Structure formats: structure tokens, C-alpha cells
Amino acid sequence: GDTPNIKDGRAVRIRPNENSDTYEPDQWIIYPGLDGKKPVGPKGMDPGVWLMPIIITEIVDPDMGTNAPDVDYAKVPRFIEIYVPDESFGDEPIEDDLKLVLFHGDSEDPSFVRHVSLKGFEIPGDRFIVVCNDAALTRYGTKCDITKTELFDLREEKFGCDRAAIVHGNANSYSIVDMYGLIGGDCADNMHDFTEGRGVRLSNSTFPEPTWNYYNWEVVKGATPDDSDPDVWPAEDEGPCDPNDAIITEVAVPQNDKDNLRFVEILFTDCAGRRIKDDVKVGRSDIPSGDDVLDLIDFLVPTDGYVVICSDANAANTEYGSGTCDEESPVAENEGTNPVAIVDGPFDVDDPPDIIDVFGFPNDGGGDTPNIKDGRAVRIRPNENSDTY
């Protein structure tokens with residue numbers, strides 16, 4: 001009954017370890033896992049070898065502050081940072097046939113034309129291996145351990161849409177040890193797109209994952225070369241933020257001729273300055289659908305924690321001050337008697353989502369929801385959120 005369920009996955013003993021006449025859970029990595037590890041398919045299996053743990057911790061394609069057509073990609077400091085979690089491997093050469101590769105476009109397989117062979121490389125004492133292009137070597141100096149310029153520069157503007165992987169084997173037969181990004185599919189609106197930015201692994205994710213788990217990464221857009229520090233793993237990123245403390249602080253339907261200054265204000269305390277990874281939605285009316293629902297998954301919450309959703313961002317920014325609105329959405333187009341709810345999951349009549357916080361009465365036709373036409377509803381401070389009004 002207590003044996004881990006490895007259906008659609010595998011159990012891998014952490015190397016090095018010794019045998020035991022009792023099961024030692026701490027010696028094993030379980031896929032899929034209760035901690036969010038994804039299922040593993042055949043490409044994530046490696047029969048016949050016992051590989052050392054090794055992971056990708058950062059991939060960088062920084063914002064140089066210039067227009068894309070004018071960018072000289074030879075001057076963009078790009079790098080991929082790799083880490084060996086187990087300190088017993090420090091100062092030892094890599095014995096396994098490991099390679100750092102890129103997946104291009106919608107390809108289901110990596111390119112081995114340009115790769116970085118890790119076999120034989122002596123792992124530094126800090127166990128970070130930083131693979132750079134020439135521009136990164138110039139900028140970061142001795143923090144770069146391996147220089148492989150063609151891996152980065154020849155991809156030009158497409159590098160930020162590539163996926164990176166550590167694989168074992170070669171083009172004829174390989175297994176994925178650790179993965180950044182979703183294999184296949186278009187880059188547009190993809191969660192792994194780090195163009196003019198960086199992807200950083202959260203420091204609570206120290207096990208190899210052959211299937212990319214977005215919840216264990218932060219993808220930061222607009223990151224400059226100064227924002228990246230190779231050879232260092234940011235300790236402040238301890239895991240995905242928890243949006244369940246979200247609280248609606250104001251719903252406004254102010255009196256004006258055009259009815260274009262309406263807004264909803266929400267405070268996310270734990271997610272301040274971070275991306276929401278859960279299926280959080282904001283809905284207006286009793287059974288919201290279509291434009292009356294705003295999906296906040298992958299939304300980067302401002303550092304102050306407040307998310308202001310406006311009916312007309314241009315009008316509101318002109319009236320209330322530049323940068324007031326974080327999102328423009330029909331969710332804010334309150335008629336005065338519409339309830340507003342923050343939920344975890346889709347709005348489904350047959351299977352209602354869990355309500356994180358709510359203004360008004362969304363389950364009774366909104367009849368008892370206060371009429372705030374030509375006014376506003378302001379939450380008294382301090383208060384906590386509630387799944388009922």
C-alpha cells in the first residue's frame with residue numbers, strides 16, 4: 001500500500017548509494033511524483049546505465065535594448081548553466097556520455113549537429129558548469145567553463161524559442177536526462193519562450209526532469225545581461241507562489257459619461273513580483289464565460305502585489321495615472337450589479353470551481369449583489385479573502 005506508484009513513470013535510485021534490505025525512500029527519485037514531477041515516456045528512460053544527477057538551472061537570451069532587426073547576435077551574451085546537485089561529484093570528471101543539445105522549432109528530436117559533449121569534463125568544486133558564447137565569455141569571464149559560440153549565435157533570433165536538454169547517447173539512440181521547455185509545437189505564446197529574457201530553475205527543484213515542469217521554473221522577460229549571474233543559483237526562488245491568498249480589494253463603476261473608467265483591484269501577497277502558475281481566473285457575472293473570464297496563468301504580478309484590471313486601459317491610465325492598469329479586460333465592465341469572483345479552475349456549471357475570493361452573490365442570479373453603479377465597493381482593511389460574500 002505504501003509502495004510508490006510509478007505508473008507512467010519510473011523509480012530511479014540516486015547515485016551514489018548502497019543496497020539495503022529495507023526500502024529507503026530518500027535514496028529514490030519517483031516519477032511522476034507528488035511534488036509535481038511529470039510522467040516519463042520512453043525518451044526519458046535509460047536502461048543499461050546508472051547516470052549521475054545533473055540538471056539545467058538557467059538559460060539566457062538577454063534583452064539588449066535594441067530593435068530585433070538591428071541586433072548583432074555575436075554581441076548578445078548567451079549562456080546555459082548546468083548544475084550537479086550531489087557534492088560527492090565535485091572535482092571529478094563526468095564519466096557518462098552526456099551531451100547538452102538544443103531542440104529547434106517543432107522538432108521532436110534534438111539537433112546533434114552542434115552540441116556540447118560533457119563526457120570527460122572535470123566538474124568544478126562549486127558543481128556549476130556554464131556553457132557560453134564568446135560574448136558571454138567577454139562579459140562574465142572565468143564564470144564561463146565551456147565556450148561553444150556556434151551553439152548560440154547561429155540560432156540568431158530563434159535561440160529564445162529553442163529548448164535545451166541534457167541527453168545520454170547520440171542521434172541514433174538517446175535518452176533525455178533533464179529538459180528545459182516543451183518539445184514540439186510553435187514558440188508563439190509558449191511558456192518556455194525566453195526570448196529577450198531568461199529561464200531560471202527554482203531552487204527547490206534539484207532532481208533531473210526528462211519532462212519539463214513549468215511549475216519549477218520562472219521565465220523572466222526583459223532581463224538584461226546585468227540581471228543574470230552565471231555560476232550562482234538564486235536562493236530566493238523557493239517554489240511556485242501561492243495565489244490562494246488573493247483578495248479583491250476594490251470593484252469600481254465610477255460615474256462618468258463614457259463608462260470607461262471601471263476597474264477591479266486584486267491583491268496577491270504571496271505572488272507579488274512572481275508569475276502565477278495555477279489555473280487562476282477572474283470572472284464577472286453569475287456563470288462567466290468567454291470575454292467575461294480573465295485567465296491569469298503565467299501572469300507576472302507587479303512587485304507591490306496589486307493587479308488592476310481595467311475596462312479601458314488608455315482611459316484609466318490617463319485619468320488615474322500612467323501605468324495604473326495591469327490588464328484590460330471585459331471582466332472590469334461591471335454593470336453595477338455584477339458579482340466578481342477569483343477562482344481556481346474553469347467556470348463550469350456542472351463542476352463549479354473552488355472560489356478563492358468573491359464580491360457579491362454569484363450563485364443567485366446576482367440579485368442580492370450590491371448596486372455600485374456610479375460608485376464603488378471598497379474592502380475594509382485589514383481583511384482576509386473568503387469563498388462567500
Side-chain angles (χ1 to χ4, degrees), residues 1-58 80-101 110 118-119 121 123-129 163-169 173-183 192 199-218 233-235 237-240 242 277-278:
D2 293 330
T3 299
N5 187 344
I6 58 171
K7 178 78 169 73
D8 298 328
R10 62 177 184 159
V12 182
R13 200 162 207 150
I14 300 170
R15 174 185 166 196
N17 259 305
E18 298 180 354
N19 61 4
S20 174
D21 59 1
T22 60
Y23 175 60
E24 301 291 343
D26 292 343
Q27 294 185 8
W28 294 84
I29 308 173
I30 306 300
Y31 304 87
L34 296 177
D35 55 357
K37 293 188 188 70
K38 299 290 187 180
V40 179
K43 284 297 185 186
M45 305 293 180
D46 42 44
V49 292
W50 189 12
L51 300 176
M52 59 175 286
I54 187 169
I55 59 177
I56 298 169
T57 50
E58 188 171 4
I80 298 174
E81 181 186 81
I82 300 169
Y83 183 62
V84 179
D86 194 320
E87 62 183 16
S88 64
F89 289 100
D91 297 317
E92 296 291 332
I94 295 176
E95 299 176 352
D96 301 317
D97 184 18
L98 300 176
K99 297 177 177 70
L100 174 66
V101 296
L118 299 175
K119 185 175 183 179
F121 181 81
I123 302 167
D126 61 7
R127 308 191 305 283
F128 283 101
I129 303 170
R163 282 122 283 192
I166 299 171
V167 301
H168 176 266
S173 177
Y174 71 89
S175 63
I176 298 174
V177 178
D178 193 55
M179 185 80 210
Y180 172 82
L182 299 170
I183 297 175
H192 66 241
V200 183
R201 196 182 198 119
L202 300 181
S203 58
N204 67 327
S205 171
T206 58
F207 296 117
E209 297 191 87
T211 304
W212 189 54
N213 186 350
Y214 174 61
Y215 283 81
N216 288 335
W217 287 79
E218 290 283 359
W233 197 356
D237 291 329
E238 294 299 335
D242 184 2
K277 304 292 181 67
D278 297 76

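Since we're looking at a predicted model, the values are computed, not measured.
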Less than 4.0 Å between a side-chain N and a carboxylate O, is that true for Lys277 and Asp242? no
Answer yes or no: is there an ion pair linking Glu81 with Arg127, defined by an N-O contact shorter than 4.0 Å? no
Describe, in one word, how the ring planes of Trp212 and His192 are oriented to each other, choosing from parallel (under 30°), tilted (30 to 60°) and perpendicular (over 60°). perpendicular
Ring-face cation contact, Tyr180 with Arg163, 6.0 Å cut, 45° max: no
Decide yes or no for [X] and [Y]: does some side-chain heavy atom of the first lie under 4.5 Å from some side-chain heavy atom of the second?
X      : Y      : result
Ser175 : Pro210 : no
Phe121 : Ile129 : yes
Phe89  : Arg15  : yes
Thr57  : Ser205 : no
Pro16  : Asp86  : yes
Ile6   : Ile30  : yes
Phe207 : Pro85  : no
Asn216 : Glu209 : yes

To the closest 0.5 Å, what do you measure between [atom1] ([X]) and [atom2] ([Y])?
X      : Y      : atom1 : atom2 : result
Ile55  : Arg201 : CD1   : CZ    : 4.5 Å
Ser173 : His168 : OG    : NE2   : 9.0 Å
Leu118 : Met52  : CG    : CE    : 9.0 Å
Ile166 : Ile54  : CD1   : CD1   : 4.5 Å
Ile94  : Ile82  : CD1   : CD1   : 7.5 Å
Arg10  : Ile29  : CZ    : CD1   : 8.0 Å

Verify, without hydrogens or angle tests, whether Asp178 (side chain) and Ile56 (backbone) share a donor-acceptor contact under 3.5 angstrom. yes
Distance-only, no hydrogens or angles: does the Thr211 side chain make a donor-acceptor pair with backbone N or O of Pro39 under 3.5 Å? yes
If you look at every heavy atom in Ser20 and Arg13, which pair is closest and at what distance? N-NH2, 4.0 Å
Mind running side chain to side chain contact (heavy atoms under 4.5 Å, CB included) on Leu51 and Val177 for me, showing each step along the way? CA-CA 8 Å; Leu51 300 176; Val177 178; 3.5 Å; yes
Output, in order, the C-alpha distance, side-chain angles, deciding distance and verdict of side chain to side chain contact (heavy atoms under 4.5 Å, CB included) for Asp91 and Ile123. CA-CA 5 Å; Asp91 297 317; Ile123 302 167; over 6 Å; no
With a sphere of 6.0 Å drawn around CD of Glu95, does it hold more than 12 non-hydrogen atoms of other residues, nucleotides or ligands? no
Will you find, in the side chains of Glu24 and Thr22, an N or O donor that is under 3.5 Å from an N or O acceptor? yes
